[in-house]
Amino acid sequence: MASVAAVTRILLGKNLLNSGRVAVLPNTGFVKFYSAAPTYENIKIETVGAKKNVGLIQLNRPKALNALCKALFIEVGKAVKDYDADDSIAAIVITGNEKAFAAGADIKEMQNNSYSSNQRNGFLQEWEDVSNCGKPIIAAVNGFALGGGCELAMLCDIIYAGEKAKFGQPEINIGTIPGAGGTQRLPRYVGKSKAMEIVLTGNFIDAQEAEKMGLVARVFPVEKLLEETIKLAERIGTHSPLIVKMAKQAVNQAYETNLRAGLLYEKSLFYGTFATNDRKEGMTAFIEKRAPNFKND
Ligand code: CAA
């Protein structure tokens with residue numbers, strides 16, 4: 001067995017001992033690994049809500065209006081995946097700051113991209129980590145949600161906005177088109193004519209108009225937005241996580257298929273809920289006039 005001093009020397013040499021993630025146990029020299037929260041440079045994460053069951057991701061490049069550089073998106077993808085895998089988290093909220101949710105993909109970073117480099121490197125591919133999440137994701141949008149920022153909001157399941165939010169797909173102004181779902185998701189939210197107007201002009205629309213169009217579910221005073229969004233996540237968190245996941249899958253299927261196939265898909269998931277203990281508990285609790293105690297089972 002190695003001595004405590006020898007193990008300590010090795011770990012110090014590898015800069016591990018100061019990381020807070022490992023410790024040498026006294027007497028034995030055994031090494032204990034701790035799982036530390038990952039450190040991020042472009043986002044901040046925090047678990048919030050009375051039960052700490054809401055995963056909050058705040059985009060944090062304020063000087064660049066939260067422009068979505070690759071490093072930021074890799075971090076968002078990692079945070080979303082971690083929250084998705086964490087049984088204590090019921091829903092995820094993505095937000096920015098008062099000036100910007102996100103002003104789009106990082107124009108400075110992509111300025112010198114070529115068609116070949118985009119293909120080779122799978123430009124924007126990491127965004128799929130957000131759309132693959134099984135748990136509900138809610139966007140809390142204050143300020144600009146432009147280009148990729150609007151697309152990121154639309155990747156989420158519900159969009160809440162502050163009353164000064166501005167949405168738009170201004171890629172046309174810089175000689176390109178939306179590349180992370182803007183031309184596909186926007187018409188599904190607001191219909192073809194309005195989507196065409198937004199994509200072909202590059203004009204911004206305000207929060208009230210976005211709500212009228214159905215892009216945004218609700219609008220709140222700027223300072224109330226995050227609090228109200230977290231409340232929504234907590235409300236979702238009172239239900240069975242398993243059934244919430246199935247409900248999300250069913251609604252999303254409406255955008256993937258025709259009505260007949262979608263209804264069939266819904267029916268099979270609905271029947272599927274009858275194979276869960278949470279469905280049994282939900283109906284039993286209703287009949288016994290008490291609150292259900294869901295077990296995610
Ligand atoms: N990429 C990189 N940097 C950006 C950025 C972006 N998308 N948007 C803003 N910034 C930077 C600015 O360059 C500026 O940096 P410097 O201080 O170093 O010059 C800083 O953020 C502040 O921006 P402004 O001075 O322009 O702020 P403003 O209040 O005058 O204007 C704005 C705000 C109207 C949002 C303006 O910044 C703007 O038009 N931004 C670009 C919006 C855009 O075209 N988005 C689409 C990007 S392409 C895309 O997203 C493709 C896709 O589909 C994935």
Side-chain angles (χ1 to χ4, degrees), residues 40-44 57-77 80 94-133 137 139-156 159 161-190 192 194-210 215-216 222 225 255:
Y40 292 117
E41 286 180 12
N42 300 285
I43 62 172
K44 289 183 186 169
I57 300 174
Q58 185 185 14
L59 310 180
N60 190 33
R61 292 186 76 206
K63 285 190 185 142
L65 303 185
N66 290 333
L68 303 163
C69 63
K70 187 179 170 90
L72 179 148
F73 232 94
I74 289 172
E75 292 181 4
V76 170
V80 165
I94 302 183
T95 196
N97 56 49
E98 279 197 16
K99 172 131 198 214
F101 177 71
D106 191 318
I107 300 170
K108 292 168 189 166
E109 187 179 67
M110 71 178 150
Q111 182 190 10
N112 296 316
N113 282 15
S114 66
Y115 172 74
S116 323
S117 73
N118 288 343
Q119 281 287 6
R120 248 192 337 265
N121 305 327
F123 183 41
L124 305 182
Q125 231 162 42
E126 50 283 340
W127 292 45
E128 280 167 28
D129 288 338
V130 178
S131 44
N132 288 337
C133 178
I137 309 183
V141 176
N142 267 325
F144 295 113
L146 304 176
C150 187
E151 290 167 307
L152 171 59
M154 289 190 290
L155 274 181
C156 299
I159 306 176
E163 58 199 354
K164 294 196 181 133
K166 296 244 179 291
F167 296 82
Q169 296 290 160
E171 290 88 346
I172 201 94
N173 295 330
I174 54 167
T176 186
I177 69 169
T183 65
Q184 303 305 300
R185 289 200 176 90
L186 193 58
R188 286 168 163 85
Y189 275 97
V190 304
K192 177 178 171 181
K194 288 206 182 290
M196 278 290 187
E197 187 183 41
I198 292 165
V199 170
L200 299 185
T201 60
N203 289 348
F204 300 167
I205 54 169
D206 61 31
Q208 295 69 20
E209 217 180 332
L215 176 60
V216 159
V222 171
L225 171 69
Y255 293 91

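As the structure lists them, so they are numbered: ligands from 1, and atoms in each ligand from 1. We use all heavy atoms of the structure for the numbers below, so side chains are in, but hydrogens, waters and symmetry mates are not.
- Under the 4.0 angstrom criterion, atom 53 (O) of ligand 1 counts as having a protein heavy-atom contact.
- At least one side-chain heavy atom of Val222 sits less than 4.5 Å from a side-chain heavy atom of Glu98.
- Protein heavy atoms come within 4.0 Å of atom 1 (N) of ligand 1.
- For atom 31 (O) of ligand 1, the closest non-hydrogen atom of the protein is Leu65 CD1, 4.5 Å.
- Every atom of ligand 1 with a heavy atom of Gly179 under 4.0 Å away is listed here by number and element: 52 (C), 53 (O).
- Using a 4.0 Å cut-off to heavy atoms of Phe144, the atoms of ligand 1 that qualify are 33 (C), 35 (C).
- Using bins of under 30°, 30° to 60° and over 60° for the plane-to-plane angle, the ring pair Trp127/Phe73 lands in the parallel bin.
- Within the 4.0 Å heavy-atom criterion, the part of Ala67 lying near ligand 1 is the side chain and not the backbone.
- Heavy-atom distances between Lys63 and ligand 1 reach below 4.0 Å in at least one pair.
- With hydrogens and angles disregarded, a donor-acceptor distance shorter than 3.5 Å links the side chain of Thr201 to the backbone of Glu197.
- For atom 38 (C) of ligand 1, no protein heavy-atom neighbour is found at a distance under 4.0 Å.
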Would you be so kind as to tabulate the donor-acceptor pairs closer than 3.5 Å made by side chains of residues 61-71, with sequence neighbours excluded?
residue	atom	partner	partner atom	Å
Arg61	NH1	Ala67	O	2.8
Arg61	NH1	Asp106	OD2	2.8
Arg61	NH2	Asp106	OD2	3.3
Asn66	OD1	Arg61	N	2.7
Asn66	ND2	Ala100	O	3.1
Asn66	ND2	Phe101	O	3.2
Lys70	NZ	Glu126	OE1	3.4

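- Close contacts of ligand 1 with Met110, meaning ligand atoms under 4.0 Å from a residue heavy atom, involve 48 (S).
- Atom 25 (O) of ligand 1 is never approached by the protein to below 4.0 angstrom, counting heavy atoms only.
- Using a 4.5 Å cut-off on side-chain heavy atoms (C-beta onward), Leu186 and Lys194 make no contact.
- Ligand-side atoms of ligand 1 in range of Leu124: 54 (C), range being under 4.0 angstrom from any heavy atom.
- The backbone N or O of Lys99 sits less than 3.5 Å from a side-chain atom of Asn97, completing a donor-acceptor pair.
- By the 4.5 Å heavy-atom criterion applied to side chains, Ile94 and Leu59 are counted as neighbours.
- The contact set between ligand 1 and Ala105, taken as ligand atoms under 4.0 Å from a residue heavy atom, comprises 1 (N), 6 (C), 7 (N), 47 (C), 49 (C), 50 (O), 51 (C), 54 (C).
- Counting only heavy atoms, the protein gets under 4.0 Å from atom 45 (N) of ligand 1.
- Looking at ligand 1, you won't find any N or O of Pro178 less than 3.5 Å from one of its N or O atoms.
- From the protein, the heavy atom lying nearest to atom 42 (C) of ligand 1 is Ala103 O, 3.3 Å.
- Counting heavy atoms closer than 4.0 Å to ligand 1, residue Asn173 contributes nothing at all.
- At a 4.0 Å heavy-atom cut-off, ligand 1 touches Glu151 through the side chain alone.
- Not close to ligand 1: Gly182, with no non-hydrogen atom less than 4.0 angstrom away.
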Side-chain donor-acceptor pairs under 3.5 Å in residues 171-181, sequence neighbours left out?
residue	atom	partner	partner atom	Å
Glu171	OE1	Gln169	NE2	3.3
Glu171	OE2	Gln169	NE2	3.1

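- Distances from atom 35 (C) of ligand 1 to the protein include at least one heavy-atom value under 4.0 Å.
- Applying the 4.0 Å criterion to heavy atoms of Lys99 picks out, from ligand 1, the atoms 29 (O).
- Atom numbering of ligand 1 starts at 1 in the shown order; those under 4.0 Å from a heavy atom of Pro170 are 43 (C), 44 (O), 45 (N).
- The closest side-chain heavy-atom distance from Pro170 to Phe204 is below 4.5 Å.
- Contact check for Val80 versus Val130: side-chain heavy atoms found under the 4.5 Å cut-off.
- Under a 4.0 Å criterion applied to the non-hydrogen atoms of Glu171, ligand 1 contributes the atoms 48 (S), 49 (C), 50 (O), 51 (C), 52 (C), 53 (O).
- At the shortest separation from atom 4 (C) of ligand 1 among protein heavy atoms lies Ala64 O, 3.9 Å.
- Distance screen at 4.0 Å: atom 17 (O) of ligand 1 has no protein heavy-atom neighbour inside the cut-off.
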